[in-house]
Amino acid sequence: MSLLILRTASRYLFPLLLLFSVFLLWRGHHEPGGGFVGGLVAATAFVLIALAEGAPSARERLRLAPERLAVCGVAVATLSGAVGWFLGEPFLTGIWWAASPGESPVVGTPLLFDLGVYLSVIGVVLAFLLTLIEETK
Amino acid sequence: MHWVIPCLVAAGCLIPALGRWWNGRVPLIASAVPAAIAAVSIWQQSLLAAGEVVQFHAPWVPSAGIAWAFRLDPLGNLFVGLIAGIGTAVVAYSAAAYSGDARLPRLHGALFVFMAAMLGIATADDLVVLFLCWELTTVSSFLLVGFDHQTEAARVAARRALLVTATGGLALLTGFVAISVVAGTTSISTIVASGDLLRAHAAYPWILGCILAGAFAKSAQFPLHFWLPGAMKAPTPISAYLHSATMVKAGVFLLARFSPVLGGTDAWFAIFVGIGATTMVLGATAAVAQDDLKRLLAYSTLSVLGLLTLLLGLGTPIAARAFVVTWMAHALYKATLFLIAGNIDHATGTRSLTALRGLRGALPATAAAGIIAAVSMGGAPPLFGFLAKETAYEAVFEAPRWAGLLGSLTVASAVCLVFAALRSGVQPFWDSGRGATPVLRALPIPMQAAPVALGTLGLVAGMLVGPAERFWIAPAALAINQSAAPTGLSLWHGFTPILAASAATLALGALVFTNRARVVPWVGRFAPWVATGPSAIWDAGWRVLLQGARWQTSQLQNGSPRRYVATTLAAALAVIAVGLPWGTIVGAVHEIAPFEIVALAAGLLVMGGSLITLRAPTPLAAVAALGAVGVGVSLVFLVYSAPDLALTQLVVEVLTVVLFALVVRLLPRAKTQTMGSHRPSAIVLATIGGVLMAGLSLLASQPGLLEPTSAYFELNSVALAHGRNIVNVILVDFRSLDTLGEIVVLTVAALGAVSLLARRRATSTGGIAP
Amino acid sequence: MNASVVVAPILVPLVAALFGALGPRRPGYQRTVGLLGAFGLFVAAMGLLASVFVEGVIAVQIGDWPAPFGITLAADRLSAAMVAATGLVAFTVVLYSTAEIPDDVVTAGFYPFVHVLLLGVCGAFVAGDLFNLYVWFEVMLLASFVLLALGSGRAALTSSITYVALNLLASAFFLIGVGFLYGQVGTLNFADLSLKLGDPAALDAARPAALLLLIAFGIKAGVFPVFFWLPAAYPNASFAVSALFAGLLTKVGVYALLRVFTLVFPLEALGLAPGLLAVAAATMASGVLAAASQAHVRRILSFHIVSQIGYMVLALALVTTLGLASAVFYIVHHIVTKTNLFLVGGLIARAGGSEQLDQIGGLSQRRLGLTMLFAIPALSLAGVPPFSGFFAKFFLIRSALEADAIVAVTFAVVVGLLTIYSMAKIWIEAFWKPAPAETHLDEPLPRAALVACAMLAVVTITLGVGAEALWSFALATAEQLADPQEYLNAVLGDPT
Amino acid sequence: MNVLLALAIGTTFGIAVLWLLRGSLWSLLLGLALLGHASHLLIFVGGGLAVAAPPLVAEGALAPAAGAADPLPQALVLTAIVIAFAILAFALVLAVCAGDAANTDDLDAYGGESQ
């Protein structure tokens, strides 16, 4: 009975949580949020699925093996740092692009860096939880 | 001479690798190398005696003043001659004795390295170079004593010799460093010239003690003498070379070298004379009681080493002269006798003096050499040994203090040595009363020739006493004691008390020898103490040390992680407790920071949650309480203006609880689960820790003294980093390197966990053996 | 250009780890990437050494945020020497590991973990910021947890629990110390801290932080009485991993002590020197005594690490320039020699079939090459000239004597004797004693492993015979540490 | 208020010590978790406490309102929390594997000295 509720709830909660996590990631530079919390929330979404439908289902939705996702996150963060480096600035220097000259910039490598954090956190949390859930089966 | 040393070391390292090739005639030819060195040394001695100085100097560690410095002076060159000359005989001898033995290359390898090291000791003009060579002799001696390492006895003897000489080596190193600190240089010739500075320095007693400990350990002075008889486990040619002629002389050579620097004080005189006389008497008496030929020679060597120390201690010019003569004479006759012992052992298979007799027929050349050497050792004319005894008597009888006592001790020891000479050099060949010992193996020519050659040298040196004095003895003695001794050594210098003493010594020695059936058992009653007493103390010391080591290890590293954590915590808390300013903390209690009802609830949640974990009935309940603590922490963050932290902490806590809940099923069942009492020590430590941390946080909540750097972030977050959430900007921009490191930590944790669990699964399905 | 030189020792292992983790799990690929990465690190490390040698202290403001606000990476001579030694150790150990680590461990991610460990180590050596140092410690620590646990057998897993627990304690104290220090002084940058703590009032307020850091670094370095994690863990890892640990991990702790207690908290101003001297003496004695009562190759070697950490801390606690120089010399010597001994220990176990001394023997007859490869680092560790260990001991005794620390000298000398005893024990038992059973293992030893050991042996000899290079370097390093002005100028900008 | 927080930190640390010294694998993990909480709170307190003044800049403003909380300790604590989580999670997994190998909860089987 409770499992049924969980299943139904998870099906609706999953996209909502994922959306919320992206929202947290996006607004994190200005309001409370950011890659860490975003990643944690997104991971929670997958954990919910794993608890309701089993780990394979969560893995299926994730496509990539979670630990690989984590490594990809580190790679993205490293690359974001390397952008400034290629442009002759010190490593991890933030590079920003404004929509039009004179306006305050909206897109920059720090955001890319935060995306790396986000991916990494999702991967890490899921790597732990999914493997452990599988292990207890 | 400097370039010879590295060449010899290189040869020594290469020879073991040349195994098969080395086992032919090559080693015999190789003895030409030391022969050439000996020839050069003899040729150079006349130049050196004329006042010429041969030096070599190349920088090694210039910023510490250390150089590859070598300097040839008459004393050093005399040593070079002995090392190379006797080395020639030993290399040839061992090549013949171990011909065909697969271990010969290693023996020769170590021998060549050793020879290089000895040449270095004789010629070094820098403390570090000298020490380098010194340690090299320790190591090669260790390898050579343990040559027969298949037997436990050889290994034990090798280790003991190593530890005694290494102890000395470390003392010597300390002394050398101290000298270099006081004198401001490591150059020996400079140091030799600054004796007054050193003798007047407050550290002089320490320096003297260290140097003496090092030299005495090497030269087997009482009470560190016991390793030397033990070292007779080495092959006989090695004993001849290391343990009579050269290495054990390195100690007294070093002391002779440093006598212009450290000598001439009361302490020097007392220690040298005391230790030297003790070693001399004990060695001589113990020699009388020995049945093993090599051990007898070892103890008589001890006695002579004691005499040499005694002579150095006297500090008079004639004592320096006696030192040089005794030193040369002993090297020649004792090496000969060792090689003879080797021949006898090789030919008959025994070294027991009660079993050996009547060998002169079977081993005529060996017998001839034995008699020459024995005559020299006994101190009868016309051999060099006679001269040695005469000069030594002369020096001791005219000692500045205690002449009577020292004189009688010296004569008594000499009597014992006469006995030992007859017993080792004559008795095996003569006494054929009950039929000769059977000879099992023939001796190769080099084994016969080597002792004969060395013995003859002793004879020649005795005959040519004039040139010997002019070129070798007088210049070397001058290097030890800077005022010259009267010249005019000769085998005959009229009827003097010394001659009478000499004659009496010989007569008494012969008398003892004829009554050996009664004397030997009597002396034998206390001789074992000399052999085993100090060595038993030494061994007991090591035993106690090792037992103490085991005890402390079992106390500290006892395999209990609980104890490790407790000790680590206790140490850490002790350090913190010492450093906390309690006055400030007590003051901080009165200050009330902003007070919030929610914060009160949060604080109580944290406290209560932690307390509840202790009383939780099941592991899952404890996890729930842990979660409550986390929520409380999150609330604290929320109340005190850290929304990002609060959010993160909350989600992390949820995930932590899930993790714990999952893991609790996979862990081994906990017997002591959550209930039950805690150990009193844990409660004490926990209380102290709690109080300290509470104090520390009160202290931490005091406002800081200085404006924090974060003001920069507040001013520039929007303007330069284009973000309004300053915490996030710090994480992804201002301090993004920290965050990069952090996600690396996260990722590694995940990868590691996945790998471990995959291996666990493989193990449980039998894929990989545990 | 300058910036890259300092960042490269971090980026190279990071990129190597990423390539390893993202690439295929084929053993061949993994080993190639591992070796290439390690070689890359070696090259980068030598580049850093050369640049620092020529140009002096080099600092980079990461993200282009000016010090002390952003994170600074700074390399002075000490950092450069440590990174250079790390590069050497990395390359030789990885070379050795290609012959030791089995395929299933390699595919489990062995090389990425090694590179992350190296990342943490190098990061710690160039960090110019206290919290950043903490992060690198954690990076290194977690990689070491995994590498230890991946070792074969039951003991590797169980002992890692002790290792993890004690290191996490250290981390907690480190973290609390950092937080406390920031609360009191408001900055984390080493150079800035150095300036601000010049004020006695600030130094007094920051005193508890100094003690917390002392505890944390002390645990990491493995001093008495908080070294337990070390001998529990090291003998149970694979040989390559234990060599990596032996060479680098404790030295990061010692480095942190050297850095923080010269630049940030001057030992003398805090009055900590006598206490540290006592700790050093106790560490030397305790470690060497424990080693003397072991009969297992790596357990002996592990306890000797503890004892030698005592020597390094002793040199620091003398608070003289000469003492600092001998600390630097000793650390470099120890990294090279100890790594080598652990690697050779692996070969001994391979040729003899065990690490337990009573179960092996007779190696000197059967393995001449191995005999030489053991003899060189063993003699060096025992302090026999002309190997590096002799000069390490010589300079240490000399600086202690010049500082009138007679008790310290006595400890150093007596501990030296016991070190000789231990090395002689391994020699006598493993090489001389006849092999107890007729279990002749006559397969040749892997060439890569022999080459790795030989390379380190050559360095040991070179550092001894060519001691001038390292000693003059160490003297200059000590002057840089004793007078931080050059460091401050490089990080905060030249005020003139 | 800081007194209450100090008490909370002290209590949590003390109980963490009790758990660490309990001598069981499970309790060691609980102790490490509590230790993390105590140290994070301690650093947070060290950064100074401000009520209702988060380090956020209002839309259109250039700097946060005066008296805002110091953002740096928050960033440090955030980093520390996440690192602690990862390490704790790894320690849990390691404990599972080590628990298989030792097959007991008694911590004295985890010293690594035996064998």
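We name chains A, B, ... by the order of the sequence lines, and we start the count at 1 in each one. Worth knowing before you read on, the calculation uses all heavy atoms, side chains too, and leaves out hydrogens, waters and symmetry mates.
- Only the side chain of Leu162(B) has a heavy atom closer than 4.5 Å to any heavy atom of chain C.
- Leu289(C) has its side chain out of reach of Trp551(B): every pair of non-hydrogen atoms, C-beta onward, lies at least 4.5 Å apart.
- Listed options Asn189(C), Val185(C), Val414(C) were ranked by heavy-atom pairs under 4.5 angstrom with chain B; first place goes to Val185(C).
- If you measure heavy-atom distances from Ile71(C) to chain B, the contacts under 4.5 Å come from both the backbone and the side chain.
- Residues Leu418(C) and Leu545(B) form a side-chain contact, since some pair of their non-hydrogen atoms from C-beta on lies under 4.5 Å apart.
- One distance of note links OG1 of Thr167(B) with CG of Leu417(C); it measures 4.0 Å at 0.5 Å rounding.
- For the options Ala108(C), Ser286(C), Ala201(C), Ala143(C), heavy-atom pairs under 4.5 Å to chain B are most numerous at Ser286(C).
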When you look at Ile66(B) and Glu468(C), which way does the side-chain contact (heavy atoms from CB on, under 4.5 Å) test go after all the steps? CA-CA 9 Å; Ile66(B) 300 165; Glu468(C) 168 64 15; over 6 Å; no

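- Only the side chain of Trp136(C) comes within less than 4.5 Å of a heavy atom in chain B; its backbone stays farther off.
- Rounded to the nearest 0.5 Å, atoms CG (Leu706(B)) and OG1 (Thr187(C)) are 9.5 Å apart.
- Of the two parts of Ala753(B), neither the backbone nor the side chain holds a non-hydrogen atom closer than 4.5 Å to a non-hydrogen atom of chain C.
- Looking at Val182(B), neither its backbone nor its side chain comes within 4.5 Å of chain C, counting heavy atoms on both sides.
- Proximity of a side-chain donor or acceptor of Ser472(C) to a complementary backbone N or O of Ser63(B) within less than 3.5 Å is not detected.
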Dump the intermediate steps for side-chain contact (heavy atoms from CB on, under 4.5 Å) on Asn716(B) and Phe69(C), then the final yes or no. CA-CA 11 Å; Asn716(B) 296 303; Phe69(C) 309 113; over 6 Å; no

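- Gln294(C) touches chain B through its side chain: at least one heavy atom from C-beta onward sits under 4.5 Å away, while N, CA, C and O do not.
- Nearest heavy atoms, Val61(B) versus Ala467(C): CG2-CB, 3.8 Å.
- Only the side chain of Leu14(C) comes within contact range of chain B, with at least one heavy atom under 4.5 Å from a heavy atom of that chain.
- Only the side chain of Ile215(C) comes within less than 4.5 Å of a heavy atom in chain B; its backbone stays farther off.
- Both the backbone and the side chain of Phe131(C) come within contact range of chain B, judged by heavy atoms closer than 4.5 Å.
- Neither the backbone nor the side chain of Asp204(C) comes within less than 4.5 Å of any heavy atom of chain B.
- Interface residue Ile176(C): only side-chain heavy atoms are found under 4.5 Å from chain B.
- In this structure, no portion of Pro59(B) lies under 4.5 Å from any heavy atom of chain C.
- Ranked by heavy-atom pairs under 4.5 Å with chain B, the list Leu142(C), Ile397(C), Leu141(C) is led by Leu142(C).
- Closest approach of Lys433(C) and Arg155(B) over heavy atoms only: CA-NH1, 3.7 Å.
- Looking at Thr709(B), its side chain does come within 3.5 Å of a backbone N or O of Gly186(C) through a donor-acceptor pair.
- Residue contact with chain C, scored on non-hydrogen atoms closer than 4.5 Å, involves the side chain of Leu173(B) exclusively.
- Residue Leu147(C): no heavy atom, backbone or side chain, is found under 4.5 Å from chain B.
- Heavy atoms closer than 4.5 Å to chain B are found in the side chain of Leu475(C), but not in its backbone.
- Proximity to chain B (any heavy atom under 4.5 Å) is shown, for Tyr134(C), by neither the backbone nor the side chain.
- Interface remark: Thr747(B) contributes no atoms to any contact with chain C (heavy atom separation under 4.5 Å).
- In this structure, CD1 in Ile428(C) is found 11.0 Å from NE2 in His149(B), a value given to the nearest 0.5 Å.
- For the set Lys196(C), Gln365(C), Glu402(C), the count of heavy-atom pairs under 4.5 angstrom toward chain B peaks at Gln365(C).
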Stepwise side-chain contact (heavy atoms from CB on, under 4.5 Å) test for Val748(B) and Val139(C): CA-CA 8 Å; Val748(B) 169; Val139(C) 169; over 6 Å; no

Can you check side-chain contact (heavy atoms from CB on, under 4.5 Å) on Leu73(C) and Leu737(B), steps first, answer last? CA-CA 10 Å; Leu73(C) 295 184; Leu737(B) 189 61; 3.8 Å; yes

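- The part of Asp192(C) that comes within reach of chain B is its side chain, from C-beta onward, which places non-hydrogen atoms under 4.5 angstrom from that chain.
- Across Ser364(C), Ala127(C), Ala206(C), Gly383(C), the residue that shares the most heavy-atom pairs under 4.5 angstrom with chain B is Ser364(C).
- At a 4.5 Å heavy-atom cutoff, the contact between Val575(B) and chain C is made by backbone and side-chain atoms alike.
- The nearest pair of heavy atoms linking Gly752(B) to Val146(C) is CA-CG1, 3.7 Å.
- When all heavy atoms of Pro561(B) and Thr162(C) are compared, the pair lying nearest together is CG-OG1, 3.4 Å.
- Scanning both residues, Ser293(C) and Arg550(B), for their nearest heavy atoms gives CB-CG, 3.3 Å.
- One distance of note links CH2 of Trp206(B) with CG of Leu401(C); it measures 11.5 Å at 0.5 Å rounding.
- Interface remark: Leu212(C) contributes side-chain atoms only to the contact with chain B (heavy atom separation under 4.5 Å).
- Only the side chain of Trp542(B) has a heavy atom closer than 4.5 Å to any heavy atom of chain C.
- Counting only distance, with no hydrogens or angles, the side chain of Trp60(B) and the backbone of Val465(C) share a donor-acceptor pair below 3.5 Å.
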Check the pair Trp65(C), Phe713(B) against ring-ring contact (aromatic ring centres under 6.0 Å, His included), reporting the backbone distance first and the verdict last. CA-CA 10 Å; Trp65(C) 299 109; Phe713(B) 304 140; 8.2 Å; no

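- Side-chain atoms of Leu699(B) and Gln184(C), non-hydrogen and from C-beta on, never get closer than 4.5 Å to each other.
- Proximity to chain C is absent for every atom of Leu127(B), based on heavy atoms less than 4.5 angstrom apart.
- Neither the backbone nor the side chain of Ala758(B) comes within less than 4.5 Å of any heavy atom in chain C.
- Of the atoms belonging to Leu740(B), it is side-chain heavy atoms, and not backbone ones, that fall under 4.5 Å from chain C.
- In terms of non-hydrogen atom pairs under 4.5 Å with chain B, the most contact-rich of Phe224(C), Phe395(C), Phe145(C), Phe391(C) is Phe391(C).
- Contacts of Arg106(B) with chain C are made by side-chain atoms alone, with heavy-atom separations under 4.5 Å and no backbone atom involved.
- No side-chain heavy atom of Phe394(C) sits less than 4.5 Å from a side-chain heavy atom of Phe131(B).
- Proximity to chain B involves both the backbone and the side chain of Val413(C), based on heavy atoms less than 4.5 angstrom apart.
- Using a 4.5 Å cut-off between heavy atoms, Gln150(B) contacts chain C through both its backbone and its side chain.
- When every heavy atom of Val135(C) is checked against every heavy atom of Asp738(B), the shortest pair comes out as CG1-O, 3.6 Å.
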